[in-house]
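A quick write-up on the structure given underneath.
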Amino acid sequence: MLVAVCSLKGSPGATTLATALGARWPARENPILVEADPAGGDLMARFRLADSPSLVTLAVAARRSTDPGLLAQHTQQLPGGLCVVIGPVGAEQARSVLVAGGSTPLRRAADQPGTTVIADCGRVDPDSPALPIIRSSDAMLLVAHPHDDELAHVALKLHDAQGWSRRPCLVLIGDGHPTREVSQALGIPVMGRVPRDDKAAAVLCGHANGRRSPATSKLGQSAARIATLTLAHWDASHRNSTGPHVAHPQTTGSGAPSVGTALQSLGPQARNGTGT
């Protein structure tokens, strides 16, 4: 399975969410986290990793090998054991490598039984070199804060996102509009909400001493639920099921809800925003 994690407005938290998903992915799968952010990678600096193997060495090796195990050969391990393919720190090199490498090595690895590839694709737009990865993914998780301004951007670009991925879904970050309300207003499944958990985020970002396990944190528990629901949504789609029930609002001629329609269907912005 190939899961693309990204945002439409540059929301902070996509890398932390992708890392949390990898750390808490169901045990029957072997997750590999890939930094495919055109703005540059963070994990090498956060965890003081070596500069290779990396996405750069993977792109070079992929020119002469079609081995499905190639992706795993270019991973490093985070302190908790999660295997990662680090991206270049600089945006120029990151974009160049993504253009050269494409999605093929990730797709080949993801097609292997028991392997899940989680790609942190950063902010996505029609010109993003990470689009081939998103287009070939089995699930696209869009990260967004449930606030009017950010949801307006999601509503505006949702038609494009539905063209990029067969299964675009939302993951909400922090407080704001209730989860069910956002799903109904935008007509898109919401896989879950990630609460603010600074201590757990610090562990995942390499800034803490490692005594706090993501498994026992609110962030880790939320990531585990999102991972399980994402798998279930993918399995249901493969069985020709409709997946999670979503109420579809009035749409524009393009098939996506209009910004005005989406925002009008949302109530007053909540403080706790937990929703149901």
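Keep in mind that this is a model prediction, so the values were computed, not measured.
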### Message
Out of the candidates Thr230, Asn30, Thr228, Thr116, only one should pair with Trp25 under the side-chain hydrogen bond (donor to acceptor under 3.5 Å, both in side chains) rule; please name it.
### Response
Thr116
## Note on the structure
Tightest non-hydrogen contact, residues Pro168 and Ile188, listed as O-CG1, 3.4 Å
### Query
When you check the side-chain N and O atoms of Arg180 and Ser183, is any donor under 3.5 Å from an acceptor?
no
### Task
Taking the side chain as every heavy atom from C-beta outward, state whether Val34 and Ile133 have any atom pair closer than 4.5 Å.
no
### Summary
Per side-chain contact (heavy atoms from CB on, under 4.5 Å), Ile118 is matched among Leu17, Leu21, Thr19 by Leu21
### Task
Kindly say whether His145 contributes a backbone atom to a donor-acceptor pair with the side chain of Glu150 at under 3.5 angstrom?
yes
### Interatomic distance, Leu142 atom CG to His153 atom NE2 [nearest 0.5 angstrom]
14.0 Å
### Query
With a 4.5 Å heavy-atom cut-off, do Trp164 and Ser137 have their side chains touching?
no
### Same apolar cluster (I L V M F W Y, side chains within < 4.5 Å links), Met44/Val85
no
### Query
Out of curiosity, Leu170 CG to Ser7 OG, how far, rounded to the nearest 0.5 Å?
11.5 Å
### Query
Quick one: does Val5's side chain get under 4.5 Å of Val171's, heavy atoms only?
no
### Closest heavy-atom pair and its distance - Pro68, Gln112
CB-NE2, 3.3 Å
#### Entry: Closest contact, heavy atoms only, Asp42 versus Glu35
N-OE2, 2.6 Å
### Task
For Arg107 and Thr104, run side-chain hydrogen bond (donor to acceptor under 3.5 Å, both in side chains): C-alpha distance rounded to whole Å, both residues' side-chain angles, the deciding distance at 0.1 Å, then the answer.
CA-CA 5 Å; Arg107 185 68 262 175; Thr104 303; over 6 Å; no
### Query
Do you reckon Leu172 sits in the same ILVMFWY cluster as Val124, going by side-chain contacts under 4.5 Å, direct or chained?
yes
### Task
List, by chain and then residue number, the residues other than Val60 in its hydrophobic cluster (Ile/Leu/Val/Met/Phe/Trp/Tyr, side-chain heavy atoms under 4.5 Å); write none if there are no others.
none
### Task
Kindly give the heavy-atom pair with the smallest separation between Pro38 and Cys121, and that separation in Å.
CD-O, 3.4 Å
### Task
Indicate yes or no: at least one non-hydrogen side-chain atom of Gln73 is less than 4.5 angstrom from one of Asp67.
yes
### Query
Are Ile134 and Val117 connected, step by step, through hydrophobic side chains (Ile, Leu, Val, Met, Phe, Trp, Tyr) whose heavy atoms are closer than 4.5 Å?
no
### Task
Grab the two heavy atoms, one from Met1 and one from Val3, that are nearest each other, plus how far apart they are.
CE-CG2, 3.9 Å
### Summary
Minimal heavy-atom distance between Gly192 and Ile226, with the atoms involved, is CA-CG1, 4.0 Å
### Query
Can you tell if the side chain of Leu49 reaches within under 4.5 Å of the side chain of Leu78, non-hydrogen atoms only?
yes
### Task
Kindly work out whether a path of hydrophobic side-chain contacts (I/L/V/M/F/W/Y, heavy atoms less than 4.5 Å apart) joins Met140 to Val182.
yes
### Message
Quick one, Leu33 with Thr75, criterion side chain to side chain contact (heavy atoms under 4.5 Å, CB included). Give me CA distance, side-chain angles, the key distance, then yes/no.
### Response
CA-CA 9 Å; Leu33 173 61; Thr75 62; over 6 Å; no
### Query
Can you find a heavy atom in the side chain of Ser222 that is under 4.5 Å from one in the side chain of Arg193?
no
### Message
Using 0.5 Å steps for rounding, measure from the NE2 atom of His74 to the CD1 atom of Ile86.
### Response
12.5 Å
### Message
Just verifying a value: how many Å separate Arg24 CZ and Arg225 CZ, rounded to the nearest 0.5 Å?
### Response
10.0 Å
### Query
Can you get from Leu141 to Leu2 by hopping between Ile, Leu, Val, Met, Phe, Trp and Tyr side chains that sit under 4.5 Å apart?
no
### Task
Drop me the distance from Leu229's CG to Trp234's CH2, to the nearest 0.5 angstrom.
14.5 Å
### Side-chain heavy atoms of Arg108 within contact of Leu70, under 4.5 Å
no
### Task
For residues Leu82 and Pro31, determine if any side-chain heavy atom of one lies less than 4.5 Å from a side-chain heavy atom of the other.
yes
### Query
Roughly how far, to the nearest 0.5 Å, is the CG atom of Leu71 from the CD1 atom of Ile32?
4.5 Å
